[in-house]
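For reference, the structure discussed in these notes is given below.
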Amino acid sequence: MTYLQSLNDVQRQAVTHTNGPVMVIAGPGSGKTRVLTFRIAYLIEQGIPPQHILALTFTNKAAREMKERIAHVVGSKGDRVWAGTFHSIFARILRVEATKIDFPPAFTIYDRDDSKSLVTDIIKEMRLDTKQYNPSGVLARISSAKSNLITPELYAKNDDLVLYDRMNKRPQIYEIYERYYKRCKQAGAMDFDDLLLQMYRLLQENREDVRYKYQRIFQYVLVDEFQDTNYLQYAIIKLLTLYNGSPHNICIVGDDAQSIYSFRGATIENILKFEHDFPELVTYKLEQNYRSTEHIVQAANMVIQNNSKQIPKEIWTELGSGHKIKMIKAVSDVEEGRLVASTIIEYKNRLHLENKDIAILYRTNAQSRIFEEHLRKQNLSYRIFGGLSFYQRKEVKDILGYLRLTINERDDEAFKRIINTPKRGIGKTTTDQIAEMAVAQGVSMWAILTSGAYPAKGKLQSFVMMIESFRQKALDGNAYDVALKVAQESGIYEELRQDPSLEGISRLENANALLDGIKEFVENDNADEGTTDRSLAGYLANIALLTDSDEKTDEEPNYISLMTTHTAKGLEWKAVFVVGLEENLFPSYMSMGSPDQLDEERRLFYVSITRAKMFLALSYATSRYQFGQFRYNDPSRFLEEIDEQHFETTVERRGKFNMPEPKLLADRPSRKKDYEPRVSPADFKPSPSEQIAEGMEVLHLQFGRGKIIAIDGARENRVATIHFEDTDDQERRIMLRFAKLQIVE
DNA sequence: GGGGGCTATGGGGGG
DNA sequence: CATAGCCCCC
């Protein structure tokens, strides 16, 4: 057990305290993954059979890393540990137990697009307005209800929820939820939340035999990133660990300061409830940071102190004071891209860093483009994580749609996707009629075609026969055989081959890559991802839960990483650039309204800066193109929370913080959420910028009515000084090239 | 009834 | 800047 010697005292205690409830509060870089994996290895060495250990994580990457490191210590028997994401472990169990909760074993997993399209259909069927009942918003309500274990029946009976919806002029959400729930069930489909909700139902509802079975299997339960669990996830964990006679062998690991997923229902309440539910709990705090040098750690400590609620702890490091934080200021998003790219080149030369040592972290995916352009210009190789996943590309989803309908004939979302893809002359009118009949009769669209309810003649007949031939193939062939037949006979291959454009070629490559992936899956008997199910259904379940960051790449692994701050959690690099540090972007304008949400943005910033081992650079742009408009934002409040002793350069300061190009900014920082248009966009007709002159009265979408006091600069660079009476009587300087202004007659 | 092109609209983070 | 809805033509 030599590995135990590599741990510090607290880490070792957390590893070897195996019986009873344990909570490990693990600061950034404090060796959390080591503790988790060594704990599992230690359990196995103590004689606990690996198949009785359950380790739940939030990402596939974390699960994979854990499994690899367990295998490193205990060898191949580590493979039998139940280690995976909540969603993948539950999907695996649900597939085995599906019939007990009235789902087909080959149930479909609806992704976000499927869910959204179904919700949109339902809203339209109910003859409601899709603007008032914005599908994403409705889906968010449904998702949040599910995460809080509120079924459609409970939703309708819940006064708070119903009142809230009524106040928001969406009183029928409860009914949409009801219909949505029924339709998923009818389609033999589960959305991401259902993987949790149905798992709960499986264990809870009159299924004592099933519950006992899994309580017996999972004798030791570990939960990573516990601060990110929602009410429902904790409810499931309790069903597995909190019962009469339970040894309470549960270990939760997390850090309240790194809780960044409340938007998907995560609640810090779970930590408080955990202490209450398991009173004999023993807590260990990992406070020594082995990742970053002092300026970074202290800056992080300072930032997080501004949050009101937190478990007291002080992160410290022995790695020396290290380098100070670099501040990069740009006048525009484009300049920010250029400066970051040139700083990277300088770092590489001066500090001998490689691409793989460097990351650029941004708040929103939309920011990636500019950095991408500049890195390419400088011949720096990079990889963008997140964004459109491989499995979300059209050509890939089309093939997957056929495979889905092949194994689950009730999968209406797949049906709608492929009925006329590629074009085979079955149009909207026909599809709508089939869909309408299916809803009216409470059966699947496929059933409408095959029961004779809708005469399947000609093109429809051929479609039915084609799908049936795929089903036949699925019976006597493997997943790859079916996929190949689909690609060839559906017409997808043909269509892609006929597209000679670069984009078309790349789409054909994607289709081929998908087939290769399926082949690999079929041939790989080692069950590396904890899946022993090599069937088509097994394949589809597996990839439904993969994200972009899980994909393998052929490229040599020496690239600069670009990803969102959320995706970066759990990762580390020698040099980290956190970019776009502006009010309304980071913190996001969506979070400006509530202190709780601002605290979460701050935790996100805390997570971001603690990814850096040696070099941290923070950047912002005073103006950026956003939502089709040039906008001016103040530097992020988070920057002011770091003491200037931690910054590399002392710059001329304006108040606490220096603001470049002060002339382009309003007199005082305007930290207001006045992003509601002051002028109705429907009535707004921007005038050509050449026509705008001194003395005119103009309208601006955000700032409202104003008078042009002066114009200076020439041609493209004309800047108008405008006095807006609607917004705090402020004067703003706006570049006419970008501003959209309407002249008032 | 089906297909293609255009306009309008909305836009956060993820399994 | 991407997708949905709409209009017009076949």
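These figures come from a predicted structure and were not determined experimentally. Protein chains get the first letters and strands the later ones, always in sequence-line order, with residue 1 at the start of each. The analysis underlying the following values was restricted to heavy atoms, covering all of them including side chains, and did not include hydrogens, waters or symmetry mates.
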Donor-acceptor pair under 3.5 Å: do we get one between [X]'s side chain and the base of [N]?
| X | N | value |
| --- | --- | --- |
| A:Asp111 | B:dG15 | no |
| A:Thr364 | B:dG11 | no |
| A:Arg112 | B:dG14 | yes |

For [X], which contact category applies under a 4.0 Å heavy-atom criterion: base, sugar-phosphate, or nothing?
| X | result |
| --- | --- |
| A:Ser588 | base |
| A:Ser136 | nothing |
| A:Tyr261 | sugar-phosphate |
| A:Lys394 | nothing |
| A:Asn420 | sugar-phosphate |
| A:Glu601 | base |

Has [X] got a side-chain N or O lying under 4.0 Å from the OP1 or OP2 atom of [N]?
| X | N | result |
| --- | --- | --- |
| A:Asn365 | B:dG13 | yes |
| A:Lys124 | C:dG5 | yes |
| A:Thr120 | C:dA4 | no |
| A:Thr429 | B:dG2 | yes |

Practice problem: When you get a sec, tell me which of C:dC1, B:dG15, B:dG12 is the closest nucleotide to the side chain of A:Thr59? | Solution: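 Side chain of A:Thr59 sits closest to B:dG15.
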Value in whole Å for how far the [atom2] atom of [N] lies from [atom1] of [X]:
| X | N | atom1 | atom2 | answer |
| --- | --- | --- | --- | --- |
| A:Gln198 | B:dG15 | CD | P | 21 Å |
| A:Lys459 | B:dG2 | NZ | P | 7 Å |
| A:Phe90 | B:dG15 | CZ | C1' | 12 Å |
| A:Asp228 | B:dG13 | CG | P | 17 Å |
| A:Leu585 | B:dG13 | CG | P | 10 Å |
| A:Asp432 | B:dG2 | CG | P | 10 Å |
| A:Lys423 | B:dG1 | NZ | C1' | 14 Å |
| A:Ile109 | B:dG14 | CD1 | P | 19 Å |

Quiz item: Is A:Arg611 salt-bridged to A:Glu572, going by a charged N under 4.0 Å from an acidic O?
Solution: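 No, this pair does not count.
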Exercise. In plain terms, say whether A:Asp114 and A:Arg417 are close enough for a salt bridge, that is, a side-chain N and a carboxylate O under 4.0 Å apart.
Key: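 Result for this pair is no, no salt bridge flagged.
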Exercise. Tell me, please, whether A:Phe627 has A:Arg631 positioned over its six-membered ring: NZ or CZ under 6.0 Å from the ring centre and within 45 degrees of its axis?
Key: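 That pair does not qualify as a cation-pi contact.
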Exercise. For A:Thr120 and A:Lys116, indicate whether the former's side chain and the latter's backbone hold a donor-acceptor pair under 3.5 Å.
Key: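 A pair under 3.5 Å: yes.
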Self-check item: A:Glu600 vs A:Ile426, nearer the 5' end of DNA chain B by closest nucleotide
Solution: A:Ile426
Quiz item: Mapping A:Asn134 and A:Thr430 onto DNA chain B by nearest heavy atom, which one lands closer to the 5' end?
Solution: A:Thr430
Quiz item: Are the ring centres of A:Phe263 and A:His566 closer than 6.0 Å?
Solution: yes
Exercise. Could you tell me whether the side-chain ring of A:Phe263 sits stacked on the base of B:dG13, using a centroid cut-off under 5.5 Å and a plane angle under 30°?
Key: yes
Quiz item: Between A:Phe630 and A:Tyr632, how do the two ring planes meet: parallel, tilted or perpendicular, split at 30° and 60°?
Solution: tilted
Self-check item: Pair assignment for B:dG1, Watson-Crick or G-U wobble, requiring both distances under 3.5 Å
Solution: C:dC10
